[in-house]
Amino acid sequence: MSLARNAGAARPAELDGPLLRVDDLRMYFPITEGLVFEHHVGDVRAVDGVSFELRRGETLGLVGESGCGKSTTGRAIVRLYRPTSGRIEFDGVDITTLGGDQLRRMRRRMQMVFQDPYSSLNPRMNVAGIVGEPLEIHKIGTPHERRERVRELLGVVGLNPEFGVRYPHEFSGGQRQRIGVARALAVNPELIVADEPISALDVSIQAQIINLLERLQDKLGLTYLFIAHDLSVVRHISDRTAVMYLGRIVELAPSRDLNQAPLHPYTVALLSAIPIPDPAVESRRRRIILRGDVPSPANPPSGCRFHTRCWLRERLGNPERCTVEDPQLRELSAGHAVACHFAEEVDGSPEQRQSAGQGGASAAVAPSWAPAGNPRSAAPAAQGA
Amino acid sequence: MALLEVRDLVVRFRTHDGTIYAVNGITFNLEAGETLGLVGESGCGKSVTNLAIMRLLPKPAGRIERGSVTLDGVNLVALPEADVREMRGRDVAMIFQDPMTSLNPVLTIEEQMVETIVAHRAASRAEARKRAVELLGMVGIPHPETRLRSYPHQFSGGMRQRVMIAMALALEPKLLIADEPTTALDVTIQAQVLELLQDLTARLGTAVLLITHDLGVVAGMAERINVMYAGFIVETAPTPELFARPSHPYTVGLLHSIPRVDADEGGELVPIEGVPPDQRRAPVGCPFAPRCAWRVEACWTDNPPLVPLEPVSTVVATGPGATHQIACHNPPLPEEARTGRPTRPGFVAAPPPDAVFDELAVAAPDLEGTLVEFPTNDAREGRR
């Protein structure tokens, strides 16, 4: 057996190109009427024109609220769905319409970790069976080698290798999620699509899984597409973050930029809505309360999809452009793209500075428990500006 | 006399699997108009505490074994069932995590709201209906007259939670128990609902017992916080004090387990290792000891009582000047609370006295052993 391929894989990314390229991906689900003669009356446009690249070894966070299409995007990428249109390129190969054997071989290189560790593990299989199943499907190794591999994988994710004989119900949520991670790692994938991998877990367990994923990435050179609704978690683990709203990416930026200087009115509102576990910060923050609910993706608003709830549009006296013209993603600074006609108005606004709680006058006061290695206390005030 | 006084409350469940030690003797007070946060993870007993106060424990499994719950001087534990029904809604109302399961799906909002109001107030249906319209308007539901005739499924999650809040506040109760009221909602909707809840309860002078796992939510909402673990209150303090000086290893661990959106760089998270205890076992020693980095030998055998962090002449139970109390034999130093790890030279967490460790406990990931690559059949496939 050779050494890990991935471990030493410090291939120069520039030469290789992105690991994944998604171009104008659309995923529509048909709405039909009629019991006997079904006819097509419309579409739920879950994903409606999403484009991004994923570099080797990086983590891209995909964040948004329920129904924004983030999970559908993830599933379309590992080809659990056949996209309506658009193009998905994995390592230079177009996988948008691959099928059968070719698709199976591609899937060895991309694996998924699911949100709910209670429903994503077969209750009738023991842990060794669950973790070893991908090896069997891909006909990798002899039965003996597979057993050894499973023991090794369990150790890697922090479980006792002897637990292979146990069944999922004997484990807690966090331990089940470790099993899910071990299963994803079994076939030595390059890309892992993690769809809300910690949302179902208790707070004290979430950090265990985040740290595990981070360590595995360092060790194995994995590339992650990390899908979550929680911007603070996404920002913690991701190099870059894409914010989705109603089937579109509305902002894509290095995570640090996105948090300190968000440029899309939706991102600003999303950040400001996240409660911060620090009463001093909470008391001086002004929260942007968006009115109403997310519109239906079966019938998205005209022009900018966010215009029905946008605080900036109201501020600017409801310009007609927002309701008529669909804003495209445009790069405002290096690597920071935003889909808003008036993003320049957001930059430098008090809302932008307030959003992540960094704006206020006493921003230099660090909470006593600020995470280790966090230079927050030394940081100058009002960085967001 | 405080509005709500919980004294030495013990709740156990008798199941086929044996006894579950859900709440193990907790004591706290809640003043009229005060907002108290009850924070902890699944299984810590926060929701069972709520059900015990409402006398809604599942029967016959769940029982209040000991202690008292006094609301406005009336001991609810001993109250006859008919009086309990009167009390619910009128004196104490609650909102749950999932409004879809707490609203009746086959009745319109009107029927449900009018029923509640008529049942408790000697009001005619027409009066009750007028009040319902008023309440829906108050919680920010557009066109309340028409929406009153809608069914629960015709509302979005956030709107359903608004309806729940309107129903809960219909009779202007003295105490509102909100059990994870925004956990099922998206973060922008959560912000709407929290703001509404804060406004209305402040306006009506309602006391709130806010049960949540989210430290961010309590930081902005609650005046005082009880941190619960395995059926015990392990730390209690006014909110600013708790966050400025977290002193129980569990509280410190929780604060280091969540990435903060306002931190400059993603500092490393310090997780709490292991898993919560199996509550089918009677608690021996400190319940947090198996996961605690600060444990000393006594932690395995003696469960520390909740005592003031610093010596005080009298313990203040409620209000912004409430005494900071913790249940810990070896509290982290302020510097250790900042880093999330014990830093005293030479300190090592006391090993378990015998093999009482949960055998399923998670080991540290074994990343030193290199993950080997498997012999693959790519070559064979290539030949095809």
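Residue numbers start from 1 in every chain, and the chains themselves are labelled A, B, ... in the order their sequence lines are given, proteins ahead of strands. This is a predicted model, so every value here is computed, not measured.
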Residue, of P240(B), A191(B), P142(B), G253(B), that accumulates the most heavy atom pairs under 4.5 Å with chain A: A191(B)

Heavy-atom closest contact (E268(B) atom, N211(A) atom, distance): OE2-ND2, 4.1 Å

Donor-acceptor pair between Q206(A) and S257(B) side chains, under 3.5 angstrom: no

Non-neighbouring partners of E235(B) that pass side chain to side chain contact (heavy atoms under 4.5 Å, CB included), sequence neighbours left out: V227(B), L242(B), S247(B), H248(B), T251(B), H324(B), I326(B)

From T188(B) atom OG1 to I289(A) atom CD1, the distance as rounded to the nearest 0.5 Å: 9.0 Å

Proximity breakdown for I210(A) and chain B, heavy-atom pairs closer than 4.5 Å: side chain

Derivation of the side-chain contact (heavy atoms from CB on, under 4.5 Å) call for I274(A) and Q190(B): CA-CA 9 Å; I274(A) 299 171; Q190(B) 163 170 291; over 6 Å; no

For chain A, the option from I272(B), I189(B), D186(B), V218(B) that forms the most heavy-atom pairs under 4.5 Å: D186(B)

Which portion of S283(A) sits near chain B, non-hydrogen atoms under 4.5 angstrom: neither

Pick from G173(A), A269(A), P279(A), G67(A) with the largest number of heavy-atom pairs that fall under 4.5 Å of chain B: P279(A)

Straight-line distance of L185(B) CG to S66(A) OG, nearest 0.5 Å: 8.5 Å

L269(B)/H236(A) under side-chain contact (heavy atoms from CB on, under 4.5 Å): CA gap, chis, key distance, verdict: CA-CA 9 Å; L269(B) 301 178; H236(A) 175 86; 3.6 Å; yes

Structural part of R309(A) lying under 4.5 Å from a heavy atom of chain B: side chain

Any donor-acceptor N/O pair, D202(A) side chain to E41(B) backbone, under 3.5 Å: no

Side chain to side chain contact (heavy atoms under 4.5 Å, CB included) partners for E282(A), two or more places apart: P275(A), I276(A), R285(A), R287(A), A219(B)

Value rounded to 0.5 Å, distance of OG1 in T239(B) from CG in D278(A): 11.0 Å

Exercise: identify the closest heavy-atom pair between P277(A) and I258(B): CG-CD1, 3.7 Å

More than 12 heavy atoms of other groups within 6.0 Å of R344(B) CZ: yes

Pairwise distance CZ(R291(B)) to OG(S204(A)) - rounded to 0.5 angstrom: 3.5 Å

Heavy atoms from other residues, nucleotides or ligands near CD of Q102(A) exceed 12 (cutoff 6.0 Å): no

Heavy-atom contact with chain A under 4.5 Å, split by part of Q192(B): both

